[in-house]
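Below: one structure, written as structure tokens.
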4 protein chains.
Amino acid sequence: MSVPDPARRNERSRRAILEATRALLTETGYADLTIGAIAARAGVGKQTIYRWWNGKGAVVLDAMVEAAENAGRELPDTGDLRTDLLLVMRATVAEFADPALSETTRAITVETLLDEELAAQVRDRLLRPQLDAVKKRLRTARLRPGLDLDQVVELLFGPLYHRWMLRTGPLTDDYADGLVDLAIAAVTPAWPQP
Amino acid sequence: MSVPDPARRNERSRRAILEATRALLTETGYADLTIGAIAARAGVGKQTIYRWWNGKGAVVLDAMVEAAENAGRELPDTGDLRTDLLLVMRATVAEFADPALSETTRAITVETLLDEELAAQVRDRLLRPQLDAVKKRLRTARLRPGLDLDQVVELLFGPLYHRWMLRTGPLTDDYADGLVDLAIAAVTPAWPQP
Amino acid sequence: MSVPDPARRNERSRRAILEATRALLTETGYADLTIGAIAARAGVGKQTIYRWWNGKGAVVLDAMVEAAENAGRELPDTGDLRTDLLLVMRATVAEFADPALSETTRAITVETLLDEELAAQVRDRLLRPQLDAVKKRLRTARLRPGLDLDQVVELLFGPLYHRWMLRTGPLTDDYADGLVDLAIAAVTPAWPQP
Amino acid sequence: MSVPDPARRNERSRRAILEATRALLTETGYADLTIGAIAARAGVGKQTIYRWWNGKGAVVLDAMVEAAENAGRELPDTGDLRTDLLLVMRATVAEFADPALSETTRAITVETLLDEELAAQVRDRLLRPQLDAVKKRLRTARLRPGLDLDQVVELLFGPLYHRWMLRTGPLTDDYADGLVDLAIAAVTPAWPQP
DNA sequence: GGATAATCGAGACGGTACGTCACGTCTTGCT
DNA sequence: AGCAAGACGTGACGTACCGTCTCGATTATCC
């Protein structure tokens with residue numbers, strides 16, 4: 001019916017809800033994460049959650065976005081592309097290896113599969129910033145001409161994501177290194193100038 | 001308590017259940033897919049489903065595996081790697097573009113995220129055969145030495161899967177072609193023999 | 001905490017609240033009568049209601065008392081008891097037959113069943129004046145000695161009220177007449193003076 | 001949508017629910033009576049209640065009807081009308097004086113005010129049998145001709161009910177006796193035969 | 001007439017109960 | 001025995017109101 005007034009929103013409650021969401025996510029996992037449990041843990045009425053979010057997925061998304069925003073997303077530029085890519089790829093592997101983070105990411109991924117609008121939110125607010133940071137770094141590198149940089153970024157993260165999702169194999173630093181080498185081979189000018 | 005006797009299993013019911021599962025997945029989507037709905041649609045008691053499957057995920061998996069088995073998985077070998085890869089990649093893009101297939105795949109993906117054991121089943125029965133077919137084709141090609149072929153396969157499918165899951169961009173034949181070119185550039189010997 | 005100052009009370013709001021209460025009672029019935037709805041309809045904050053009333057029942061009571069005060073309660077005294085009682089009983093039947101009034105009376109009756117203190121208020125402010133008016137009229141009549149006049153009044157209204165509450169039969173003028181005749185038979189001296 | 005099959009109803013659950021309802025009604029009163037509490041107390045799912053009853057009122061009604069059916073409703077016929085009426089009226093006063101019974105009766109009365117269909121049920125299954133028993137006794141008595149016996153019954157119970165509902169005075173045996181005397185005076189032939 | 005304090009409209013808040021939904025198990029005939 | 005049908009205990013869902021609270025805006029007395 002009527003839309004709530006964000007100006008009157010209780011910041012304390014908002015924070016408590018996101019904090020409780022993160023806590024429950026790591027403690028009991030996504031399966032045991034219910035709106036009721038979040039509300040109880042945050043000392044908040046369920047309606048306060050439903051007032052500001054569309055459902056569990058939206059809450060979890062906000063919880064993750066807030067967490068991600070506290071971490072920097074900028075890539076270093078050492079001048080050597082391989083070094084920089086190794087850094088970010090190994091960091092991503094580490095994130096996937098962290099059980100808590102991995103569980104949370106799985107959680108939100110489930111939601112994106114069920115809710116298209118949420119998927120757009122996740123893509124734009126959570127994923128895009130990270131991918132764009134890599135894309136930005138690629139722009140300063142000397143690559144084969146005519147490349148679609150979005151595609152190159154996906155060449156790096158796609159296989160990682162694929163292996164994590166489908167658990168087709170171990171996610172190690174070596175695996176990340178191998179991906180970087182393959183990607184660099186794919187984008188390096190065929191006849192490097194002297 | 002007691003384990004059911006597979007010999008007495010009603011093949012008619014089994015087929016009706018899997019058929020109903022596929023129908024509901026494409027008709028109403030994964031959201032409306034419940035064991036009760038499948039049973040009603042199949043004209044079957046719920047217990048008959050629970051007797052033979054562990055839950056929704058297992059049923060959906062079987063439904064998909066059965067469908068996949070009807071399609072061949074063998075890759076052609078024209079002698080030209082690029083041609084063969086283009087074929088399989090474009091076919092995959094087409095599958096993802098088919099709303100019915102896409103919805104079904106999303107369904108089973110949700111389940112793999114929630115159930116580790118099911119994930120293994122999906123990986124081994126549904127995914128591995130397809131990936132192995134590509135891997136087999138790669139073995140007959142002349143590539144840079146020392147490559148991890150599993151990784152190369154993921155270099156091809158990972159970005160596709162990534163883009164499909166996260167909807168970061170359109171899934172077109174051009175995109176598939178670009179991926180094939182990048183992958184081939186990545187695996188081709190640096191100094192091709194004359 | 002602190003007690004509100006009645007001197008500063010907004011008469012406009014008070015009237016709007018009682019008016020809205022009456023309107024909602026007749027329009028949508030008691031089921032849809034909530035403090036929130038009253039406040040919205042009256043263009044008033046909920047707190048303004050809670051500041052001056054204990055709850056729904058108290059508001060409804062005031063709404064009815066105010067309405068009742070506008071109607072006179074005095075019984076005529078034509079000298080003939082039967083004539084006068086017929087008048088008041090038929091009037092009561094008419095009130096019960098009016099859907100709006102009937103609904104409102106049901107509403108407040110519910111509240112008296114749930115809240116003993118409110119019941120006392122209703123009894124003293126709403127009911128007693130009407131019953132006392134009849135009692136007063138009875139005092140001027142020549143009756144059998146030793147009668148409990150309160151009981152006689154209840155002999156008249158009790159059956160009416162019973163039939164209205166339990167819907168055990170139609171509430172007609174004839175029914176009222178019959179009651180009056182029975183009651184008069186019950187209270188008339190056995191050996192009437194010539 | 002579909003209507004449940006009464007043949008498959010679980011008698012154990014039915015009994016547990018009605019028993020729990022009676023227990024909660026006397027223990028904590030009607031205010032604290034919730035469907036959830038009944039279900040918990042009965043060791044039953046809420047849905048099992050909603051499957052067979054329309055709501056709280058219907059459950060309470062059944063609980064009371066069941067209790068009432070265990071008590072006999074037949075009036076004695078000593079040959080002396082006054083004696084028999086005194087018995088039943090004093091018994092009714094006693095019921096109203098019992099806090100548990102009184103509370104339960106208030107409960108179901110609230111519901112009848114809110115739900116017309118339920119009111120009919122209460123009238124026909126709970127009230128009518130009792131009133132009809134009295135009516136039957138009246139038929140064997142020598143009364144003034146032309147009386148509406150339903151009205152006479154209401155002349156007895158109406159005032160009692162009125163006083164109980166509105167708490168306009170104490171409900172004592174003396175009060176019951178007075179009512180009986182008034183009613184008998186109202187219905188006795190004016191010129192008794194010798 | 002300006003200061004100041006309470007009331008006001010509005011509606012967010014922490015709660016409780018609601019009535020519905022799907023789960024996975026159990027029960028009842030039927031085949 | 002397996003089966004169709006569906007009732008069952010369980011527990012989360014999302015909604016509706018409750019009565020309290022917080023917020024500026026608006027009175028209405030008191031200095």
Side-chain angles (χ1 to χ4, degrees), chain A residues 1-10 12-14 16 32-37 39-40 42-52 54-56, chain B residues 1-2 4-10 12-13 16 32-37 39-40 42-56, chain C residues 1-10 12-13 16 32-37 39-40 42-52 54-56, chain D residues 1-10 12-13 32-37 39-40 42-52 54-56:
Chain A
M1 197 92 320
S2 64
V3 50
D5 178 0
R8 307 195 46 181
R9 183 165 186 182
N10 187 333
R12 238 170 98 73
S13 295
R14 198 194 120 267
D32 291 0
L33 184 71
T34 66
I35 296 282
V44 142
K46 281 201 296 172
Q47 199 62 48
T48 300
I49 299 183
Y50 285 111
R51 199 184 339 265
W52 302 111
N54 274 335
K56 195 162 58 172
Chain B
M1 204 79 328
S2 65
D5 176 1
R8 307 200 48 171
R9 182 168 186 182
N10 187 332
R12 235 169 99 72
S13 295
D32 289 3
L33 185 71
T34 66
I35 295 285
V44 140
K46 284 200 295 172
Q47 197 55 246
T48 301
I49 299 184
Y50 284 111
R51 201 183 339 266
W52 302 111
W53 286 276
N54 273 333
K56 194 162 59 173
Chain C
M1 202 88 324
S2 66
V3 49
D5 177 2
R8 306 199 49 170
R9 183 167 184 182
N10 187 333
R12 236 169 97 72
S13 295
D32 289 2
L33 185 70
T34 66
I35 295 283
V44 140
K46 284 200 294 173
Q47 196 56 245
T48 301
I49 299 184
Y50 283 110
R51 198 179 347 260
W52 303 110
N54 272 333
K56 193 162 60 171
Chain D
M1 197 93 317
S2 64
V3 50
D5 177 1
R8 308 195 46 180
R9 183 165 184 181
N10 187 332
R12 237 170 99 71
S13 297
D32 290 1
L33 184 71
T34 66
I35 295 283
V44 141
K46 280 200 296 171
Q47 197 61 245
T48 299
I49 299 184
Y50 284 112
R51 189 175 298 117
W52 301 110
N54 273 334
K56 194 162 57 172

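All values reported here derive from a predicted model rather than from experimental measurement.
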On a heavy-atom basis, which atom in [X] and which in [Y] lie closest, and how many Å separate them?
X	Y	answer
B:Asp5	B:Trp52	O-CH2, 3.5 Å
C:Pro4	C:Pro6	O-CD, 3.2 Å
B:Ala37	B:Asp32	CB-O, 4.0 Å
B:Ala39	B:Gly45	CB-C, 4.2 Å
A:Ile35	A:Gly55	CD1-C, 4.2 Å
B:Ala42	B:Ala16	CB-O, 3.6 Å

Given F:dC3, F:dA7, E:dG14, identify the nucleotide with an atom nearest to the side chain of B:Arg51.
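My answer, after comparing the listed nucleotides, is F:dC3.
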
Identify which nucleotide among E:dA12, E:dT7, F:dA7 has an atom closest to any side-chain atom of C:Pro4, counting heavy atoms from C-beta outward.
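Given the options E:dA12, E:dT7, F:dA7, the side chain of C:Pro4 is closest to E:dT7.
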
Verify the contact: side-chain N or O of [X] to OP1 or OP2 of [N], cut-off strictly under 4.0 Å; return yes or no.
X	N	result
B:Thr48	F:dG2	no
A:Trp52	E:dC13	yes
B:Ser13	F:dG2	no

How long is the span from the [atom1] atom in [X] to the [atom2] atom in [Y], to the nearest 0.5 Å?
X	Y	atom1	atom2	result
B:Lys46	B:Thr34	NZ	OG1	8.5 Å
C:Arg51	C:Asn10	CZ	CG	10.5 Å
C:Lys56	C:Ile49	NZ	CD1	11.5 Å

Using whole Å, report how far CZ of A:Arg12 lies from P of F:dT22.
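Rounded to the whole Å, the gap is 11 Å.
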
Whole angstroms only, please: what is the CG-P distance between D:Asp5 and F:dA5?
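D:Asp5 atom CG is separated from F:dA5 atom P by 13 Å.
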
Please write out each protein N/O paired with an N/O of nucleotides 16-20 of chain E under 3.5 Å, distance rounded to 0.1 Å.
{"from": "E:dC18", "atom 1": "OP1", "to": "D:Ile35", "atom 2": "N", "distance (Å)": "3.1"}
{"from": "E:dC18", "atom 1": "OP2", "to": "D:Ile35", "atom 2": "N", "distance (Å)": "3.2"}
{"from": "E:dC18", "atom 1": "OP2", "to": "D:Gly36", "atom 2": "N", "distance (Å)": "3.2"}
{"from": "E:dG19", "atom 1": "OP2", "to": "D:Tyr50", "atom 2": "OH", "distance (Å)": "2.4"}
{"from": "E:dG19", "atom 1": "O5'", "to": "D:Tyr50", "atom 2": "OH", "distance (Å)": "3.4"}
{"from": "E:dG19", "atom 1": "N7", "to": "D:Lys46", "atom 2": "NZ", "distance (Å)": "2.8"}
{"from": "E:dG19", "atom 1": "O6", "to": "D:Lys46", "atom 2": "NZ", "distance (Å)": "2.8"}

Pairs under 3.5 Å (N/O, protein and nucleotides 27-31 of chain F):
{"from": "F:dT27", "atom 1": "O2", "to": "C:Arg8", "atom 2": "NH2", "distance (Å)": "3.4"}

For B:Trp53, is the NZ or CZ atom of B:Arg9 found under 6.0 angstrom from the centre of its six-membered ring and inside 45 degrees of the ring axis?
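Yes, cation above the ring, under 6.0 Å and within 45°.
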
Taking both distances under 3.5 Å as the test for a Watson-Crick or G-U pair, what stems of at least three pairs does DNA chain F have?
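For DNA chain F the paired stretches long enough to count as stems (3 pairs minimum) are E:1-31 with F:1-31.
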
